[in-house]
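See below for the structure under consideration.
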There are 2 protein chains.
Amino acid sequence: MPGTLTAALVQKLTKVNRLDQNDILAIQQLPIHSKRVAAQHRFVRDGDRPSESCLIVDGFAFRSKLTPDGQRQILSLHIPGEIPDLQSLHLHVMDHDLTTLTECTLGFIKHDALRELIKMRPNVAAALWRETLVDAAIFREWIVNVGRRPARARMAHMLAELHERLALLGRTLNGSFELPITQIELADCLGLSVVHVNRTLQQLRQEGIVATERRTFHLLDQAKVEELGQFERIYLHQRPSI
Amino acid sequence: MPGTLTAALVQKLTKVNRLDQNDILAIQQLPIHSKRVAAQHRFVRDGDRPSESCLIVDGFAFRSKLTPDGQRQILSLHIPGEIPDLQSLHLHVMDHDLTTLTECTLGFIKHDALRELIKMRPNVAAALWRETLVDAAIFREWIVNVGRRPARARMAHMLAELHERLALLGRTLNGSFELPITQIELADCLGLSVVHVNRTLQQLRQEGIVATERRTFHLLDQAKVEELGQFERIYLHQRPSI
DNA sequence: CGAGTGGTTGATATCTTTCAACCCACGTGG
DNA sequence: CCACGTGGGTTGAAAGATATCAACCACTCG
């Protein structure tokens, strides 16, 4: 059935952009080669020159960089409906890795097809460009998080952001959401050591504002989490706003 | 004379993108309203809804965010030929501030004019989109810098990056470049305290790899600076690369 | 049952911040 | 012409945050 792969993408794009029926159809008719991929699979690598971009149909993925001395910094987490390496359309050499966090369904779309799409459908072009700009906005906030907030606030901010983004997809329930991430990965997201992440989480649990349970996070006191993390949702640019 | 304002922009864009004579002409004929602005002037503010974007014709500027508790994080430094708030074309509400570091000549370009330009000149559209993607690439490296590198390396990385970007404009000489920035601003760039920036700089000076003199930095041992900062220029995407 | 992964703990070392001065160059007003 | 105020840089001491190291525990999987 055409459109099942692009469902989350279309949902996301139409929430903020004015796309007409033909725009949507053009997206749904993109030739997509989908693949089921195991967790922790690095499917795009620093230095690669991809000829296709990759839509996350289902599951979580992340972007990361390795420093020459072997440290890892995770740059962003990605959820269904996002195209984390859309940039490779214009930047031909990858400057970071893309890895699945969980088992994922990925949809690979040839750059040629995307180029054709943005040539024929200016609305879609604008919407995709916009997506890459939101991406950058999230990076900026990530810089603030890592540069200026203490560990507890960093963690809180990240959880608040994830909650907000997942909420838009309808993947949250009463402040809870599924996110199968290890403390090692959290540490690499936040620029902290694993041990410190562990202690920070414990503190948040003791304060009763966060609970974790296997693969899901519960924000028990969402307002508190957002306040502690200084979370202000404007930077996500989720509203039409014009 | 048409084109004097856009000189640095055209220089930058044509270095990596294939623009024909008409593309260039279209850029040069953009209606630009230029203005001389004092140092430390915040000319775009968090929350604004700009109807124009701003080209740096001459001088330095930076983007920054303030946290609710009054801390500042500088997100990027900008040099002539860049349009730091090009994003406002698609993201209608600003999520950060834009401030001049030095006295600047700024060129304001109406969004309407830019929209017309990208509609008529797809090559230019692609080039501008690409610029915003390079912007994001620099943010990513900035995240790594702040998240994973100790103070000395952070400083070194930033200096190496600035040198590289200024070199492309021909504004470096034997590892030296002009950058009138205070230690307070450096601290906000690097996510450090002023005191620590001061000590870090002293250390770099004592090691003989960096010298500072009023408004100019000298990278006495450029290789050493790049190694210490783990600087790898690919992420700047300065080469055509296709 | 043993190995491996992810989580937890305590002790200690290191890095970075904070605080509180102080210095210096510069520009301004008396 | 000089006193003074100011911004930027520098310093030392102490406090605080985070990292590191080295175990140990719990659970899952083959």
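Values below: all heavy atoms of this structure, side chains included; hydrogens, waters and symmetry mates excluded. What you see is a predicted model; the values in this text were computed from it and never measured.
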Between [X] ([atom1]) and [N] ([atom2]), how many Å, whole number?
X	N	atom1	atom2	value
Leu201(B)	dT11(D)	CG	P	12 Å
Arg215(B)	dG7(D)	CZ	C1'	14 Å
His196(A)	dA11(C)	NE2	P	18 Å
Leu192(A)	dA17(D)	CG	P	13 Å

N/O (side chain, [X]) to phosphate O (OP1/OP2, [N]) under 4.0 Å:
X	N	value
Asn198(B)	dT10(D)	yes
Gln183(B)	dT10(D)	yes
Gln202(B)	dG9(D)	no

So, does the side chain of Arg199(A) form a donor-acceptor pair with the base of dG7(C) at under 3.5 Å? no
Please determine, for the side chain of Ala151(B), which listed nucleotide (dA19(D), dG6(C), dT16(C)) has the closest atom? dT16(C)
Base, sugar-phosphate, or nothing for [X], non-hydrogen atoms under 4.0 angstrom?
X	result
Arg205(B)	sugar-phosphate
Val195(A)	base
Arg149(A)	nothing
Ser193(A)	base

Any idea how Phe43(B) and Phe108(B) line up, ring-wise: parallel (<30°), tilted (30 to 60°), or perpendicular (>60°)? perpendicular
Nearest-nucleotide 5' precedence on DNA chain C, Glu185(A) against Gln71(B): Glu185(A)
Using the side-chain contact (heavy atoms from CB on, under 4.5 Å) definition, which of the options Leu162(A), Ile74(A), Leu186(A) pairs with Ile181(A)? Leu186(A)
Against Asp188(B), only a single residue in Gln73(B), Gln71(B), Lys65(B), Arg72(B) fulfils side chain to side chain donor-acceptor pair (under 3.5 Å); can you say which? Arg72(B)
Neighbour count above 12 (heavy atom, 6.0 Å) for Asp69(A) CG: yes
